[in-house]
Amino acid sequence: MTSTEPSSPPTGRHPATATSAGAAGSDFIRELVRADIEQGTFGGRVCTRFPPEPNGYLHIGHAKAICLDFGIAQEFGGVCNLRFDDTNPLTEDEEFVDGIIADLAWLGFTSEGPPLYASDYFEQLHQWAEHLIGQGLAYVDDQDGDAISAGRGGFGQAGVDSPFRSRTVEENLELFRGMRSGAFADGARVLRAKIDMQHENMQMRDPVMYRIRRSHHFRTGDAWVIYPTYDWAHGQSDAIEGVTHSLCTLEFDSHRQLYDWYLSHVPVPGDVPRQTEFARLELTHTVTSKRKLAQLVADGAVDGWDDPRLPTLRGLRKRGYPASAIREFCAFIGAARTNSRHAIELLESFVRTELNRTAIRRMAVLRPLRLVITNWPDDADGRPVVELREAVNNPENDADGVRQVPFSRVLYIERDDFMEDPPSQFFRLSPGREVRLRAAYFVTCTEVVKDADGEVVEVRCTYDPATAGGSAPDGRKVKATMHWVSADHALDATVALYDRLFSAEVPGEATGDPLDDLNPTARELLTGCKLEPAAGDTAPGTVVQFERLGYFARDIETPTLWHRTVGLRDEWANIQKRLPKR
RNA sequence: UCGGGGGUGGUGUAAUCGGCAGCACAGGGUCCUUUGGAGUCCCUGGUCCAGGUUCGAGUCCUGGCCCCCGAGCCA
């Protein structure tokens with residue numbers, strides 16, 4: 001596993017966010033846990049669990065749940081179990097359990113022991129199912145899916161009892177054993193809890209507990225042809241593990257009644273766990289639904305689960321998002337029962353804050369324009385002098401030291417940093433204007449060279465030798481400082497610029513299909529970018545700041561590829577937006 | 001339609017027992033600056049609506065409005 005940062009142990013409390021808003025320790029769940037401890041509800045014990053289904057990779061929405069599950073356990077001296085909810089062999093795969101464990105570790109969390117699996121409890125679950133049958137609280141139903149669905153009724157409309165609802169205990173037991181032993185075809189029968197077909201809560205209208213499904217399970221192989229449903233497996237698995245606080249998202253609210261019903265009718269050992277729901281995390285301009293992400297991957301709309309445009313943990317990691325920034329973001333937004341969609345900009349601001357502190361600075365020119373210094377001296381051999389200029393690695397951290405950057409007659413500057421006919425607010429280079437080249441000299445534009453099409457292909461300048469280091473002895477000021485790269489020393493690179501994956505704030509809001517809002521220019525590949533030599537020393541996977549441009553992560557497999565993590569706040573871009581169109 | 005859960009600036013999120021509506025992002029401006037970065041200081045802007053209780057209501061009560069979830073043999 002690779003990491004873009006030394007993986008710091010999660011502390012659960014992050015100083016930077018322990019302010020009045022969103023401070024860890026102040027949400028309704030933590031208050032509840034605190035109250036439970038004070039009242040000795042679970043003997044003062046706290047045990048949570050994070051229960052991903054191994055049918056896809058983790059995304060930023062899971063990060064919120066993870067920070068809650070693991071964070072709360074840590075804060076209250078408890079443990080958090082990683083339990084794979086592998087009750088549906090059709091979609092699940094080992095590939096995903098490995099990926100989930102790796103992503104979890106990258107985020108900064110590991111479970112204490114080896115990971116747990118709901119499939120480890122299949123035998124116990126089966127025994128308890130027979131117990132329910134024995135109590136007359138479960139029965140085998142021969143109806144097909146459509147009939148069961150129809151019999152369930154609708155909102156405000158009572159369901160009707162299945163014609164098989166009144167089978168005897170003995171008959172049910174025999175049929176259920178037949179289900180297990182493979183006597184019946186897939187889908188031929190199900191085991192249902194016998195609760196109340198007229199119940200106002202649809203979840204309580206005799207929910208299915210087992211279905212017949214001849215599918216190879218990645219852990220239990222072909223040992224089982226019947227598989228428990230989520231509702232039947234979950235609460236009992238929690239109880240088996242001694243989970244006290246089972247935290248899940250709001251859509252399971254109506255399942256809580258069923259969760260409690262099962263637990264109160266099965267002889268589970270120890271404390272009865274309690275389910276508490278919170279609002280799932282949603283972000284603007286993206287989707288946090290495993291189903292939709294899987295579809296993007298399957299459709300080839302993105303390169304894979306680790307595509308940097310995706311809000312998957314591995315996508316964000318490849319893109320350069322520090323795990324700590326994600327943790328702090330999650331701590332900051334807290335937990336509540338209010339449905340909410342956070343602005344993606346808020347997440348980005350946490351990324352910038354972290355990277356500003358930690359990222360080494362380098363100079364890179366994304367869209368090169370030649371700049372020739374006409375009065376630059378030659379050496380004894382008649383070649384342009386090459387001078388090494390000292391530049392600080394990170395103005396936010398002196399300990400990061402300095403580096404030498406070669407400077408000579410022919411440089412590249414950013415095309416956007418030159419305008420032949422600039423508006424008044426533009427104070428970068430233009431004819432006759434003097435600017436500072438970062439860590440080097442003041443230069444003044446004296447001439448513009450164009451090609452046959454009138455395109456500027458080169459700017460010529462003079463430099464002032466007295467301004468070495470970047471300040472003029474006579475005290476004169478320049479209004480702009482620009483980055484540059486020496487043409488003879490430049491490293492070639494490809495840079496991937498990323499924009500919102502979806503152009504709409506709420507993907508799919510207009511048409512119902514998020515895919516309709518996919519942003520076709522979410523990735524722009526720039527080739528022929530020029531990097532200062534020291535950028536080549538950067539370890540793959542690390543994130544550096546290309547000065548004045550943003551933060552960029554060096555790709556692991558392709559060292560000449562850089563991913564833009566996030567841009568710098570860009571005042572000039574704001575000015576341009578306000579500028580009247582010309 | 002029935003049941004459940006929610007509504008605090010543009011977006012999120014706080015507010016002890018009922019006691020000055022705070023913080024962040026976004027937006028506008030200031031100062032500073034060898035990154036138009038970072039930092040600084042300031043500003044704009046809010047309790048869904050209507051009643052009620054109270055010296056005092058985001059918080060309690062009544063009624064309404066709006067949003068989300070729920071009828072998989074998905075989780």
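Chain naming here is simple, since letters A, B, ... match the order of the sequence lines and numbering starts at 1 in each.
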> Checking all strands, does A:Arg357 fall into the base, sugar-phosphate, or nothing category for heavy-atom contacts under 4.0 angstrom?
Replying inline: nothing
> Are side-chain N/O atoms of A:Ser246 and A:Arg49 paired as donor and acceptor at under 3.5 Å?
Replying inline: yes
> Are any of the side-chain nitrogens in A:Arg83 or A:Asp238 under 4.0 Å away from the carboxylate oxygens of its partner?
Replying inline: yes
> So what does A:Phe252 hit on the nucleic acid, given a heavy-atom distance under 4.0 Å: a base, only sugar-phosphate, or nothing?
Replying inline: base
> Just checking A:Glu547: base, sugar-phosphate only, or nothing, at a heavy-atom cut-off of under 4.0 Å?
Replying inline: base
> So, do A:Phe155 and B:A71 meet the stacking rule of ring centres under 5.5 Å and planes under 30°?
Replying inline: no
>> Give me the atom names and distance for the closest heavy-atom approach of A:Ala504 to A:His285.
In response: O-ND1, 3.2 Å
> Across the strands shown, which category fits A:Ser349 at heavy-atom distances under 4.0 angstrom: base, sugar-phosphate, nothing?
Replying inline: sugar-phosphate
>> Does a side-chain N or O of A:Arg291 approach OP1 or OP2 of B:G72 to a distance below 4.0 Å, or not?
In response: no
>> Categorize A:Leu437 for me: base, sugar-phosphate, or nothing, with a 4.0 angstrom heavy-atom threshold over every strand shown.
In response: nothing
>> So A:Glu277, base contact, sugar-phosphate only, or nothing? Heavy-atom distance under 4.0 Å.
In response: nothing
>> Using every non-hydrogen atom in the two residues, find where A:Thr467 and A:Arg476 come nearest and quote the distance to one decimal.
In response: CG2-NH2, 4.0 Å
>> Checking A:Asn397 against A:Asn394: is there a side-chain donor and acceptor pair closer than 3.5 Å?
In response: no
> Is there side-chain contact between A:Asn172 and A:Tyr139, with at least one heavy-atom pair below 4.5 Å?
Replying inline: yes
> For A:Arg569 and B:U33, what is the distance between atoms CZ and P respectively, to the nearest whole Å?
Replying inline: 18 Å
> Taking only side-chain nitrogens and oxygens of A:Ser340, does any of them come within less than 4.0 Å of OP1 or OP2 of B:G12?
Replying inline: no
>> Please classify the nucleic acid contact of A:His199 as base, sugar-phosphate, or nothing, using heavy-atom distances under 4.0 Å.
In response: nothing
> Where are the stems of RNA chain B, defined as at least 3 consecutive Watson-Crick or wobble G-U pairs with both distances under 3.5 Å?
Replying inline: B:2-7 with B:65-70, B:10-13 with B:22-25, B:27-29 with B:41-43, B:48-52 with B:60-64
> Where the side chain of A:Phe332 is defined as all heavy atoms beyond and including C-beta, which of B:G37, B:A24, B:A75 is the nearest nucleotide?
Replying inline: B:A24
